[in-house]
There are 2 protein chains.
Amino acid sequence: MDVARSKGSDAGTPVACASCQARHGVVCGVLSSGQLKDLGRHSLRRKVDAGSEIVAQGSESSFYSNIMRGVVKLCKVMPDGRQQIVDLQFAPDFVGRPFVRESTLSAEAATDVEICVFPRDLLDRMISETPELRRSLHDQALKELDAAREWMLTLGRRTAEEKVASLLHLIATHAEPQTATTTVFDLPLSRAEIADFLGLTIETVSRQITRLRKSGVIRIEKFRHIIVPNMDEMERMISA
Amino acid sequence: MDVARSKGSDAGTPVACASCQARHGVVCGVLSSGQLKDLGRHSLRRKVDAGSEIVAQGSESSFYSNIMRGVVKLCKVMPDGRQQIVDLQFAPDFVGRPFVRESTLSAEAATDVEICVFPRDLLDRMISETPELRRSLHDQALKELDAAREWMLTLGRRTAEEKVASLLHLIATHAEPQTATTTVFDLPLSRAEIADFLGLTIETVSRQITRLRKSGVIRIEKFRHIIVPNMDEMERMISA
DNA sequence: ACCGCGAGTTGATCCAGATCAAAGTTTCCG
DNA sequence: CGGAAACTTTGATCTGGATCAACTCGCGGT
């Protein structure tokens, strides 16, 4: 589905992209004021409901976006339906692959999401002309590469219990940083999505979460709401 | 081990980096002639024996390098010894993470390797000053990101047989491109390394290779030397 | 040529996680 | 408020790949 045509719950008023600059630095923040103005005229603020696609695997999207709020999952699916989530993205990440027409993966809203959308042609041109923008995108690519490789270790060499702990740790880390040792957060993913991120089945994910709860590493209310009393304890489960 | 101190079998004469330019485009090829001259004065051609480290995980390397010949594996190891190969690199790939002091993974020569080595400080400065160089490194990062995510699908969702077929396909693709449907190549990895790349055990890798041989998808002479009579057949094993 | 050792294969058995099956919750919508 | 569908948990059983254990092959060194 093309996001420019997606019907968000509040698709009424486009908001100029200038607001990105105030809140985030990744894309809009690095533009010069003239360029920002150019982009602002062409960009739109969009809401995307949880579960709808922003970019489809194998499709040609004419838009890039910048995540303002919410969580986006990047997915690869095989012809027979097996699928693997390959990354989670949070504000203020950039979604899309500059200069490449066809996406090899899909980007889907895991939670309700707000994005800032802008036309591909325009941004491609701006990237070529703006070293700071290129540097910024290069930085994000390297960050994603590190995350991907860390996750490869998780997928290839960790046990089911360690995998689930790794996921909770990842989410907890990206939820607003907590000051205390206790961390509280909402899971942006269903059990099925967690399974697809960890290379497990739903049932195994559920059982391991139960195990973590019974062993006191986490507390749970309402399936999606998690409390980690002691983050160090969970980190210890992951490394060795 | 610091590569500048590594004792290659032919560590005698440093060779100016200009030769990189003739053969490859990734790093040296994008430099202006003045910059190339600067770099050339500081760079060294090195041979690294199979099995020795180019950059150690957690270490601080003061050098970057450019692969001229051979295969380099990027590894992550856990405190308890479990390990995962997260990428294979071939000529003319760039090895190292610009602007980052400490490496989160190790780079090790899988085969005998020839690299072109240059000081970190100098290259960092050149990247900042040369948009083409930045673009080039950005491109490689994106290429590696795609490869990493494709491999995540392999690690998370493919069976042992599909994993082994994926690996053979990957190697075959990077061996010099063949014109015929028949592909012949040498494995740059031992069974143990293949296992660490695929998240399997040595025994399972061995059994699956035997299975592929018995089913006629591949032929084998001398353990490391593989013949794929029909590449399409192997690609079919991987996708669905 | 022979020896010794690391690399690879093969077989037997085990077990972590998958699969199959059935409740129990939650959410959402009329 | 009720009822259905989607999501989650839990239980029973099965199995792909791990583990344990020989054995064989090929290579380098003397």
Side-chain angles (χ1 to χ4, degrees), chain A residues 9 49-52 73 78 80-84 110-112 154-168 186-215 218-226 237, chain B residues 9 49-52 73 78 80-84 110-112 154-168 186-215 218-226 237:
Chain A
S9 36
D49 295 333
S52 34
K73 57 178 178 156
M78 294 171 66
D80 65 1
R82 282 177 285 178
Q83 89 181 70
Q84 177 70 42
T111 62
D112 288 349
T154 298
L155 289 173
R157 290 304 186 196
R158 290 203 234 255
T159 65
E161 184 177 47
E162 290 170 331
K163 284 181 177 182
V164 171
S166 298
L167 178 91
L168 295 177
D186 285 301
L187 276 178
L189 302 180
S190 69
R191 299 294 187 262
E193 290 171 316
I194 294 173
D196 280 339
F197 198 15
L198 294 172
L200 298 172
T201 58
I202 298 176
E203 294 94 326
T204 298
V205 169
S206 178
R207 276 185 249 272
Q208 295 302 334
I209 289 178
T210 301
R211 236 158 86 75
L212 290 174
R213 180 172 54 71
K214 286 186 178 164
S215 76
I218 59 174
R219 293 211 328 271
I220 300 182
E221 31 240 47
K222 286 178 45 198
F223 290 157
R224 296 286 194 105
H225 191 72
I226 309 278
M237 306 198 64
Chain B
S9 35
D49 295 333
S52 36
K73 57 179 178 155
M78 293 172 65
D80 65 1
R82 282 177 283 177
Q83 88 182 67
Q84 176 71 42
T111 62
D112 288 349
T154 298
L155 289 173
R157 290 304 186 197
R158 291 204 234 253
T159 64
E161 185 176 47
E162 291 170 331
K163 284 181 177 182
V164 171
S166 298
L167 178 92
L168 295 178
D186 284 301
L187 276 178
L189 302 180
S190 69
R191 300 295 188 259
E193 289 170 318
I194 294 173
D196 281 339
F197 197 16
L198 294 172
L200 297 171
T201 58
I202 297 176
E203 293 93 328
T204 298
V205 168
S206 178
R207 276 185 250 271
Q208 296 302 334
I209 288 178
T210 300
R211 238 159 83 77
L212 289 174
R213 180 173 52 72
K214 287 185 176 165
S215 75
I218 58 174
R219 293 211 328 273
I220 300 182
E221 30 238 46
K222 286 179 48 202
F223 289 157
R224 297 285 193 106
H225 192 73
I226 309 279
M237 306 199 63

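Note on naming: letters A, B, ... go to the chains in the order of the sequence lines (proteins, then strands), and numbering restarts at 1 for each one.
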Residues forming a side chain to side chain donor-acceptor pair (under 3.5 Å) with A:E161, sequence neighbours excluded: A:R211

Pairing residues for B:S215 by the side chain to side chain contact (heavy atoms under 4.5 Å, CB included) criterion, not counting sequence neighbours: B:V217

Show me the protein contacts with nucleotides 14-19 of chain C, counting only N or O atoms at under 3.5 Å.
unit_1 : atom_1 : unit_2 : atom_2 : d
C:dG17 : OP1    : A:A160 : N      : 2.9
C:dA18 : OP2    : A:T201 : N      : 3.4
C:dA18 : OP2    : A:T201 : OG1    : 3.1
C:dA18 : OP2    : A:T204 : OG1    : 2.4
C:dT19 : O4     : A:R207 : NH2    : 2.9

Pairs flagged by salt bridge (Lys or Arg N to Asp or Glu O under 4.0 Å) wherever residues 194-210 of chain A is involved - sequence neighbours left out: A:D196-B:R157

Listed partners of A:R224 passing salt bridge (Lys or Arg N to Asp or Glu O under 4.0 Å), at least two apart: none

Whether A:K73 side chain and A:A110 backbone form a donor-acceptor pair below 3.5 Å: no

Spacing between B:I209 atom CD1 and C:dG8 atom P, to the nearest angstrom: 9 Å

Results of side chain to side chain donor-acceptor pair (under 3.5 Å) for A:T210 - residues two or more places apart only: none

B:R219: side chain to side chain contact (heavy atoms under 4.5 Å, CB included) partners, not counting sequence neighbours: B:I227

Sequence-distant partners of B:A50, side chain to side chain contact (heavy atoms under 4.5 Å, CB included), two or more places apart: B:D112

Sugar-phosphate, base or nothing in reach of A:S190, heavy atoms under 4.0 Å: sugar-phosphate

Contact boundaries on DNA chain D for chain B, cut-off under 4.0 Å to non-hydrogen atoms: D:dG17 to D:dC27

Which residue lies more 5' along DNA chain C, comparing B:I220 with A:F223 via nearest heavy atoms: B:I220

Atom-pair distance (CD on B:E221; P on C:dT9), nearest Å: 14 Å

Between the first and last five pairs of the helix from C:dA1-D:dT30 to C:dG30-D:dC1, the angle of the axes, rounded to 10 degrees: 50°

Pairwise distance NE2(A:H225) to CG(A:D186) - rounded to 0.5 angstrom: 5.5 Å

Whether A:S166 side chain and A:E162 backbone form a donor-acceptor pair below 3.5 Å: yes

Set of residues satisfying side chain to side chain contact (heavy atoms under 4.5 Å, CB included) with respect to B:T204, sequence neighbours excluded: B:A160, B:L200, B:T201, B:Q208

Sugar-phosphate, base or nothing in reach of A:R211, heavy atoms under 4.0 Å: nothing

